[in-house]
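Here is the structure we will look at.
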Amino acid sequence: MSTPPESGQTARRRPIEPTYVMRRRRTEALAELLREFEQDRARTEQQAPPGPAPGDDYEAVPVPPARERILPDPETEELPPVRMGEDFSADAGRRQDRRRDTAQRAGGVDLRRAAVVVGVAAAALIGFGAALLVPGGDSSDEARPSTPTQEPTPTATGSAPPPQQAEDPDGPGTLREGDTGAEVTELQERLRKIPNVYDNGPTSGTYDSTLTEAVARFQLWYGIRGDETGVYGNDTRLDLESRTQA
């Protein structure tokens with residue numbers, strides 16, 4: 001907070017600086033510019049060649065009235081003037097005759113169409129009736145009583161034919177788990193010749209789970225897809241025999 005000055009002393013204040021200065025405009029520069037413009041225009045007029053006045057380049061042309069400038073429409077047709085008291089009975093008679101002729105022509109066309117439709121319908125009815133009247137076969141054969149024929153009684157034979165065994169989908173001679181015999185032994189011996197498929201496997205002649213895994217492994221490694229997995233079918237047999245030929 002400022003303290004008031006002591007009695008008999010004056011407070012010192014900051015001097016006020018002017019923000020802008022007023023000065024007279026320089027009108028002599030504008031006057032000089034106007035003077036140079038007037039001198040240039042006078043010099044141009046003196047150097048320009050003599051020619052016609054500005055108004056001599058144009059010619060006054062009369063403009064026709066608006067009603068005269070309307071062009072006729074080619075699609076329109078001017079009708080002849082109508083005279084007072086003129087008799088139009090002849091034209092009216094001609095119009096009625098034309099209408100009567102048109103109606104007669106239309107009636108004739110409708111009659112022809114109706115006649116054609118009736119003819120087609122009649123022909124269809126006649127054909128249908130003829131088809132009903134024509135018999136399908138000899139009537140004497142239908143009227144003749146039929147005698148029942150005696151069917152021969154089957155005689156019992158001494159022995160019935162043996163039932164046919166269902167063919168294996170993988171072909172004849174297919175071996176699968178549970179089979180036994182010499183063919184299984186041959187399969188085991190052939191698989192032992194393939195590296196890492198049935199190494200040191202038994203040759204007991206029994207198609208067990210170990211042999212099933214070996215056959216499936218052989219099918220997987222050599223890309224055999226014709227037989228079931230683990231089943232020794234025709235495709236597996238041909239491939240194995242071709243790789244283990246003696």
Side-chain angles (χ1 to χ4, degrees), residues 63-179 215-216 219-220 222-239 242:
V63 180
R67 57 184 179 85
E68 295 182 1
R69 290 188 289 108
I70 298 177
L71 300 177
D73 191 356
E75 297 181 359
T76 60
E77 182 180 357
E78 184 178 359
L79 297 176
V82 180
R83 299 179 182 179
M84 298 301 295
E86 186 176 358
D87 187 10
F88 296 96
S89 57
D91 295 339
R94 296 193 192 95
R95 295 193 190 96
Q96 292 180 359
D97 295 340
R98 292 175 184 173
R99 293 175 184 174
R100 190 179 303 107
D101 295 340
T102 304
Q104 290 178 358
R105 293 174 185 173
V109 172
D110 294 340
L111 290 176
R112 286 196 296 272
R113 291 179 181 175
V116 171
V117 172
V118 171
V120 172
L125 290 175
I126 293 173
F128 183 71
L132 292 178
L133 294 176
V134 173
D138 192 2
S139 59
S140 61
D141 295 341
E142 296 179 357
R144 186 180 307 165
S146 59
T147 58
T149 58
Q150 295 181 358
E151 297 180 359
T153 58
T155 59
T157 58
S159 61
Q164 297 181 357
Q165 297 181 356
E167 296 183 358
D168 199 307
D170 294 324
T174 301
L175 300 177
R176 52 172 45 87
E177 187 173 354
D179 295 340
V215 172
Q219 293 172 343
L220 178 63
Y222 292 94
I224 302 172
R225 303 181 181 275
D227 301 327
E228 297 181 12
T229 303
V231 177
Y232 188 60
N234 288 338
D235 295 340
T236 309
R237 182 189 300 275
L238 293 175
D239 193 275
S242 63

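Keep in mind that this is a model prediction, so the values were computed, not measured. If you read the sequence from its start, that first residue is 1, and numbering goes on from there.
Closest non-hydrogen pair, Leu175 versus Val231, comes out as O-CG1, 3.6 Å. Between Val215 and Tyr232, the shortest heavy-atom distance links the atoms CG1-N, 4.3 Å.
Within the 3.5 Å criterion, the main-chain N or O of Arg176 finds a donor-acceptor partner in the side chain of Asp179. Between the Gln219 side chain and the Gly226 main chain, no donor and acceptor come within less than 3.5 Å of each other.
From Asp235, atom CG reaches atom OG1 of Thr174 across 9.5 Å, with rounding to the nearest 0.5 Å.
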